[in-house]
Amino acid sequence: MKISFSAEDERFRDEVAGWLADNLRGEFESLRFRGGPGDEHSFPEERKTWERRLAEGGWTGVGWPGAVGGRGLSINQQVIFHEEYARAGGPGRMGHIGEGLAGPTLIAFGSEAQKARFLPGILAGTEYWCQGYSEPGAGSDLANVKTRAERVDGRWRINGQKVWTSLAHESDWCFVIARTEPGSVGHRGLSFLLVPMDQPGIQVRPIEQITGTCEFNEVFFDDAVTDADNIVGAPGDGWKIAMALLGFERGVSTLGQQMQFQNELDQVIAIARDNGQAQDPVMRQRIADAWIGLRIMRYNSLRMLSGPQDGSLSKAAMIYKLYWASWHRDLGKLAMDVLGPEAEILEGAPYDLTRLQSLYLFTRSDTIYGGTNEIQRNIIAERALEMPREPRLG
Amino acid sequence: MKISFSAEDERFRDEVAGWLADNLRGEFESLRFRGGPGDEHSFPEERKTWERRLAEGGWTGVGWPGAVGGRGLSINQQVIFHEEYARAGGPGRMGHIGEGLAGPTLIAFGSEAQKARFLPGILAGTEYWCQGYSEPGAGSDLANVKTRAERVDGRWRINGQKVWTSLAHESDWCFVIARTEPGSVGHRGLSFLLVPMDQPGIQVRPIEQITGTCEFNEVFFDDAVTDADNIVGAPGDGWKIAMALLGFERGVSTLGQQMQFQNELDQVIAIARDNGQAQDPVMRQRIADAWIGLRIMRYNSLRMLSGPQDGSLSKAAMIYKLYWASWHRDLGKLAMDVLGPEAEILEGAPYDLTRLQSLYLFTRSDTIYGGTNEIQRNIIAERALEMPREPRLG
Amino acid sequence: MDFAFTDEQEMIRESAQDFLADVSTSAAVRAAMATELGYDPALWGRICNELCWQAIHIPEEYGGLGLGFVELTILLEQMGRRLLCSPFLSTVGLAANALLLAGDEEQKRQWLEPIAEGRLTATLAWAGRRGRQDAGAVEVQAQAQADGDGFVLSGVARYVPDGHSADLLIVAARAPGSEGTAGISLFAVPADTAGVERRWLPTMDQTRRQAQIRFDGVRLGREALLGEAGEAGAALEKTLQLAAVCVAAEQLGGAQAVLDLTVDYTRERVQFGRPVGGFQAIKHRAADMMLQVETSRSAVYYAACVADEALFGETSCGELPLAASLAKAWCSDAYFYCAEESIQLHGGVGFTWEYDPHLYFKRAKSSESLLGAASWHRERIAQAIL
Amino acid sequence: MDFAFTDEQEMIRESAQDFLADVSTSAAVRAAMATELGYDPALWGRICNELCWQAIHIPEEYGGLGLGFVELTILLEQMGRRLLCSPFLSTVGLAANALLLAGDEEQKRQWLEPIAEGRLTATLAWAGRRGRQDAGAVEVQAQAQADGDGFVLSGVARYVPDGHSADLLIVAARAPGSEGTAGISLFAVPADTAGVERRWLPTMDQTRRQAQIRFDGVRLGREALLGEAGEAGAALEKTLQLAAVCVAAEQLGGAQAVLDLTVDYTRERVQFGRPVGGFQAIKHRAADMMLQVETSRSAVYYAACVADEALFGETSCGELPLAASLAKAWCSDAYFYCAEESIQLHGGVGFTWEYDPHLYFKRAKSSESLLGAASWHRERIAQAIL
């Protein structure tokens with residue numbers, strides 16, 4: 001057990017930082033610290049251009065195996081890449097669903113033809129992905145998926161509705177969990193389909209959030225179609241693949257997320273120093289607690305990444321979503337409390353939020369999307385602690 | 001809506017305070033502030049003598065109707081009596097189960113013969129009562145009562161076990177919920193029996209608590225008997241009577257309880273002033289919060305007492321147990337934190353606790369006995385908020 | 001002692017509840033908050049002309065209904081529950097009390113009568129830019145005019161509720177060099193006085209407007225001064241304490257509303273084959289919300305009784321500072337807690353603009369810092385008891 | 001960077017876990033805590049002679065095993081988990097580190113070798129009667145003897161872990177008139193030195209003994225002084241920081257234990273026709289406990305790595321004060337939280353003497369104040385970052 005990085009890793013850190021300093025400037029300067037959660041709607045085109053610059057530098061798919069065109073970095077170097085990217089204020093990645101979810105799923109479960117067709121576009125920053133999981137009325141409960149797909153004329157024909165789909169209107173492809181076995185219930189009969197977004201059968205309707213901006217969307221499938229080949233695995237494998245994909249979400253990119261959190265905390269500390277709240281003993285306790293919590297988040301992530309890499313979820317991983325979401329939400333509240341009455345005052349009418357106001361409001365979704373805190377607690381209790389399962393009624 | 005007492009009530013307050021000042025002295029001086037929750041085991045004989053002194057002064061059954069020998073005080077005057085009693089450090093009432101639970105139950109549901117037989121002893125401080133409700137394995141769930149009673153030779157013969165019975169070894173009578181209809185389940189077939197404690201069929205075994213002292217007992221019924229007449233209401237009425245009795249528990253005596261809490265808080269404040277913790281801004285917040293919480297408890301109780309007196313439980317009453325128990329538990333923790341490292345040091349070996357240590361440890365039972373916080377939350381959600389009931393399985 | 005509503009109070013509560021359920025719907029609130037004025041003048045007109053709520057606790061000699069602070073509190077609770085967008089708190093909860101406490105007979109007649117008649121809105125401008133919310137926060141300076149017959153106000157007041165729209169401003173200003181509650185004067189300043197510059201400050205909580213007001217050498221005659229020059233610190237503090245009770249009542253109403261929303265939603269919403277409100281963890285959290293609501297109710301009505309005594313009673317009622325801080329500290333935390341739980345227990349729709357929890361959540365936050373955050377009020381209590 | 005146990009560390013963990021499960025049972029703990037000594041000397045003898053835990057991180061040149069602070073932490077976690085009653089923390093977590101940091105070669109050899117061999121128990125006496133637990137808490141005074149060849153100690157040290165039984169006392173004393181960390185000296189004082197009066201202070205938590213030690217003009221030769229006179233403030237602070245990491249590790253183990261107890265109990269206990277562990281509210285609270293346990297684990301092993309660097313590394317490692325305060329603050333709260341939840345979720349038996357939760361609950365409280373409460377450590381961090 002050691003927590004310091006090797007000299008070689010530290011040289012790699014310098015390389016990343018140097019490339020970013022050289023490239024995240026000029027036309028990209030205005031993207032710094034933009035486009036993260038709560039700000040996804042900002043500068044989509046410019047951020048796609050930035051994705052292609054990243055691709056040119058070899059900084060896409062850094063954790064993907066070399067055999068599929070990735071950079072094949074070690075875990076430590078991936079950590080370093082994500083940390084430095086966030087530290088430099090690298091813009092929110094338009095390609096993160098492709099690189100972090102669709103790509104790893106295809107690498108693990110896709111056919112050779114699918115890999116050849118889709119992975120290069122993700123790596124090159126030319127094709128973008130979104131995720132069709134949640135449904136109205138089903139919430140976090142994939143077993144209740146009602147969207148259905150049927151084989152008609154050598155294609156899948158898809159009908160139904162997805163919700164909470166971020167970046168849907170900026171995406172070329174969507175991976176969709178749909179019920180392909182008519183009459184099936186629960187986890188059975190689900191399939192994992194790849195569906196092109198640019199077609200008349202798909203309508204995207206933005207969902208206005210607490211922030212007044214639209215990060216998520218409803219996606220309506222009305223006789224939408226995709227080629228018969230665009231199924232990952234076999235019909236009925238959808239649940240298995242979706243569960244594996246949940247594991248991909250908890251990876252090295254958490255270290256980059258934490259660096260963003262650190263940027264936010266630093267801003268809060270700067271304000272507290274400036275407006276005198278840093279002298280208030282009660283506020284000092286809260287700020288110190290936030291600082292402690294973020295350090296612990298980092299070491300919790302490093303434990304996740306250092307454990308056996310057999311795909312099993314460690315205990316450190318099982319608590320992670322609940323932990324970071326709650327911490328981040330509390331940071332938003334702390335930011336407002338440090339600001340005092342000034343926290344209320346907007347950047348401008350009608351509803352232009354400051355960065356910290358946006359943090360405050362948007363973090364209310366952190367504890368809900370991607371599995372609510374309540375679902376996380378169920379999972380922890382049932383899977384990690386092996387407590388009795390909730391009886392399933394009705 | 002007004003919160004001040006009338007001039008007449010204030011004169012009554014002086015009368016109570018005067019009587020207590022005149023009587024709670026001499027042989028009773030050492031009983032001041034003793035015998036409360038967590039200290040029930042102290043001075044039982046002396047406290048029984050004190051009960052008889054109270055009776056002579058006309059201060060037992062102050063809320064009972066005059067027709068059954070009570071003093072018939074108004075609610076306001078009962079409040080005042082309990083406040084002044086606690087303010088003066090009146091010892092924990094040995095007779096409180098008789099006066100607060102058995103008596104009111106008999107007044108509401110007992111036969112004339114039962115009232116004539118039992119009420120005078122309660123009022124005179126010559127007969128003491130305990131409560132046979134909880135059972136091991138049933139916990140707070142009366143529907144699971146397994147203790148059974150059968151009619152044999154003109155008497156009830158009782159077999160089973162009760163637990164968490166306070167003052168069992170100091171009591172002359174016990175009211176017992178027992179299953180009188182063989183094979184019945186749930187709330188049906190339960191009866192409310194009055195059982196003499198001094199008989200070979202009853203064994204009392206003290207339960208040693210977290211404090212090292214014994215406040216509660218297990219009571220074993222092994223062919224215990226009581227006369228056929230000693231049933232309140234009809235066979236099968238046990239559930240109905242038990243539920244009504246729960247209502248009697250939340251009455252004016254809460255104001256006296258709060259005055260004890262105030263005494264405890266005052267002691268914590270005095271220590272904080274003395275050892276410098278009163279200068280610590282974080283501790284100041286916690287002490288102020290405790291002070292606020294206790295004030296609110298008072299006004300919550302006054303709301304409970306001022307609402308319609310139709311026996312219905314107001315919302316203010318439904319949250320009361322959860323609220324005071326949690327507040328009191330937190331006060332125990334606060335007391336220890338104000339004391340700092342000194343909190344650890346006992347009065348003496350092997351395990352003589354100071355008053356505040358006893359508060360700290362014993363309050364851990366406040367949130368458990370008499371319906372755990374969890375049961376209270378269930379009740380609030382299901383009865384007050386009318387949320388769906390927990391499905392009953394197995 | 002009788003800590004329950006009288007029949008008349010219960011009637012007031014019910015009629016306010018029914019009226020506001022009709023007129024201050026989610027759609028009406030959203031429409032009002034999208035305007036710069038921040039409220040619907042037609043609805044405000046109905047409140048003033050049909051219901052006379054603005055006159056509720058103004059004494060009859062000034063054209064009011066002459067009811068008490070408990071009745072005022074009852075209205076505020078219901079307004080908070082329905083997020084009523086209106087200049088009620090600023091006019092009645094702040095300005096009218098300042099006039100009652102600091103004005104002389106003539107000033108009270110001059111200003112309270114049009115308020116009671118619904119012809120005048122008003123507010124209190126006290127806090128400066130430093131973020132404090134107590135009487136010590138006053139930054140505007142009042143200098144006696146050279147000729148001795150009036151005052152000149154200079155400086156900035158910020159976070160003024162409805163400050164951009166009120167007809168009359170009660171302005172707290174301090175003598176140059178003074179600090180804390182010393183040296184404070186209160187002035188009644190018509191908003192159209194020369195040198196008064198008002199600017200709407202758009203806020204996260206859109207259901208109550210705030211403004212910044214700059215006093216650029218505003219010349220006032222002696223008649224504008226309420227009470228004695230430099231002696232209004234105590235009246236200002238008392239005004240703010242009464243206002244804290246008012247805000248606590250709104251917070252209570254808001255907390256009750258989000259509890260109701262949450263219970264209703266979770267009873268309907270089905271997930272995993274059951275209404276989510278049937279899951280024990282959800283029920284327990286709703287129970288904790290109700291505990292916060294009911295204890296807030298006890299706190300608010302206790303404080304309202306004390307406030308009534310303090311404003312109308314014969315004694316000076318030294319308990320008001322404690323009772324006000326108690327109610328504001330407790331209800332601030334309770335409302336925020338209930339509002340955030342409401343968002344969480346609504347799940348995905350909880351953080352949409354379309355559903356209402358976010359409106360309450362934002363109102364809970366703005367009410368928390370208005371007139372001092374909970375920790376500030378707890379410290380005030382600590383000063384008294386430690 | 002590899003933040004996981006090595007195979008060897010995992011072996012140490014497993015063997016400690018297995019050994020303690022056998023010997024530090026509930027019955028064994030209860031028997032030990034009922035004695036005045038407070039631990040079972042036979043068991044301590046097995047630990048010293050068969051397992052050599054007391055030597056784990058003492059360098060090989062002083063007869064130790066020469067392993068690191070992470071290995072020490074692993075043992076402490078398991079000890080905390082089983083509430084092992086022993087002089088381990090006092091001897092190894094306090095005294096040995098003080099000797100390593102402040103002693104010269106000869107002193108280290110003199111005292112660390114018998115410790116490593118299991119022939120000597122020791123402790124650190126630093127805090128006085130004022131309730132502080134940091135280096136500034138030192139109240140015992142050290143005066144140079146008139147002939148210049150030694151010191152006289154006078155005053156009282158309180159809350160000394162195992163102070164009534166340790167063979168050797170490392171005593172922190174200060175120059176008359178000094179304050180804070182200035183003027184502090186450390187002395188190695190055999191407990192049987194004339195003028196040392198020790199008194200057991202019975203404590204709520206019976207699993208770790210405390211004592212008060214009065215120094216009544218205790219005359220010491222120069223050889224008792226560790227390092228330079230008046231210059232040991234930094235070494236004492238560092239010793240206390242390392243000890244805070246040790247206590248945090250015990251706290252982690254305790255928190256894990258009460259979580260395990262609670263999960264086991266609620267899986268078995270049937271109420272309302274179901275195991276209570278199947279009720280969602282109970283499950284969610286157990287999940288929150290696990291979150292506290294796992295984050296504590298991250299905190300402890302991060303701090304252990306830092307402590308290892310600080311004690312054995314080549315650099316001075318400025319991160320130790322932060323890491324130690326972080327771990328102690330977090331684990332104090334986490335352990336207390338888990339212990340109180342454990343009592344609550346056990347229901348009626350949770351507050352009986354017979355069941356074990358109260359033992360952990362009391363240990364959680366005593367560990368919380370030992371070496372500084374959570375709020376004190378947070379303030380230390382605030383001083384560094386604000």
Side-chain angles (χ1 to χ4, degrees), chain A residues 1-6 9 75-76 79-80 265 269 272-273 277-279 281 283-289 291-293 295-308 314-320 322-323 326 373-374 376-382 384-391, chain D residues 1-6 9 68 70 74 259-260 262-263 266-267 274-280 282-306 308-309 322-323 325-327 329-330 333 374-375 377-386:
Chain A
M1 176 173 275
K2 62 195 272 287
I3 55 172
S4 51
F5 287 90
S6 69
D9 285 343
I75 297 248
N76 279 2
V79 164
I80 287 168
L265 176 57
I269 289 174
R273 283 197 185 124
Q277 291 280 358
Q279 300 309 314
M283 209 53 91
R284 289 167 71 84
Q285 289 282 315
R286 291 177 62 192
I287 293 171
D289 195 47
W291 185 92
I292 291 170
R295 276 292 171 104
I296 287 178
M297 200 186 298
R298 174 173 166 82
Y299 290 98
N300 197 79
S301 289
L302 295 181
R303 276 178 63 214
M304 282 158 61
L305 295 170
S306 299
S314 68
K315 289 185 173 181
M318 297 193 81
I319 61 149
Y320 189 70
L322 176 61
Y323 182 70
S326 304
N373 278 7
E374 291 69 40
Q376 298 298 332
R377 291 191 182 96
N378 281 349
I379 292 173
I380 293 167
E382 294 180 2
L385 299 174
E386 298 174 12
M387 295 174 81
R389 290 185 174 263
E390 195 66 26
Chain D
M1 195 288 298
D2 187 17
F3 201 43
F5 289 153
T6 62
Q9 288 168 340
V70 172
I74 289 169
L259 171 59
D260 294 344
T262 304
V263 169
T266 58
R267 273 197 298 231
R274 294 162 56 182
V276 297
F279 285 97
Q280 198 191 32
I282 308 301
K283 283 156 69 173
H284 279 201
R285 286 163 68 176
D288 284 338
M289 289 168 75
M290 183 175 133
L291 182 140
Q292 292 297 325
V293 171
E294 291 303 320
T295 49
S296 292
R297 196 177 306 286
S298 300
V300 163
Y301 284 99
Y302 153 60
C305 288
V306 172
D308 192 68
E309 184 68 23
L322 285 172
S325 281
L326 176 157
W330 191 266
D333 286 349
S375 59
H377 284 287
R378 280 192 292 268
E379 174 57 31
R380 290 274 283 207
I381 286 172
Q383 285 165 21
I385 66 173
L386 285 174

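Proteins get letters first, then strands, A, B, ... in listed order; numbering begins at 1 in each.
- Atom-to-atom distance recorded for A:I75:CD1 and D:M1:CE is 8.0 Å, nearest 0.5 angstrom.
- Ring centroids of D:F3 and A:Y299 are separated by less than 6.0 Å, placing the two rings close together.
- Listed options D:M289, D:Q9, D:R297 were ranked by heavy-atom pairs under 4.5 angstrom with chain A; first place goes to D:R297.
- When heavy atoms are compared at a cutoff of 4.5 Å, D:A329 approaches chain A solely by way of its side chain, counted from C-beta outward.
- The distance from atom CD of D:Q280 to atom CZ of A:R377, rounded to the nearest 0.5 Å, is 10.0 Å.
- Ranked by non-hydrogen atom pairs under 4.5 Å with chain D, the options A:R303, A:M387, A:Q285 are led by A:R303.
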message: Is there a side-chain contact (heavy atoms from CB on, under 4.5 Å) between A:W291 and D:L326? Walk through the geometry before answering.
response: CA-CA 9 Å; A:W291 185 92; D:L326 176 157; 3.9 Å; yes
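- Taking all atoms of both residues into account, the shortest heavy-atom contact from D:A4 to A:S306 is CB-O, 3.6 Å.
- Of the atoms belonging to D:T266, it is side-chain heavy atoms, and not backbone ones, that fall under 4.5 Å from chain A.
- With values rounded to the nearest 0.5 angstrom, A:M297 atom CE is found 11.0 Å from D:S298 atom OG.
- In this structure, the separation between CD1 on A:I319 and CD on D:Q292 is 9.0 Å, given to the nearest 0.5 Å.
- Distance CD1/A:I380 to NZ/D:K283: 12.0 Å, rounded to 0.5 Å.
- Of all heavy-atom pairs spanning A:A316 and D:E294, the tightest one is N-OE1, 4.1 Å.
- Looking at D:R380, there are no atoms closer than 4.5 Å to chain A (heavy atoms on both sides), in backbone or side chain.
- Atom CZ of D:R378 and atom CD1 of A:I287 lie 13.0 Å apart (nearest 0.5 Å).
- The closest side-chain heavy-atom distance from D:R267 to A:P388 is below 4.5 Å.
- With a threshold of 4.5 angstrom between heavy atoms, A:Q279 does not approach chain D through any atom at all.
- Using a 4.5 Å heavy-atom cutoff, the side chains of D:I381 and A:D289 are not in contact.
- Contact detail for A:L385 and D:A286: the closest heavy-atom pair is CD1-O, 3.6 Å.
- The candidate with the highest count of non-hydrogen atom pairs below 4.5 Å against chain D, out of A:R286, A:R389, A:E386, is A:E386.
- The shortest heavy-atom contact between A:A288 and D:A382 is CB-N, 4.1 Å.
- Most heavy-atom pairs under 4.5 Å with chain D: of the set A:N373, A:N300, A:V79, A:I269, this distinction falls to A:N300.
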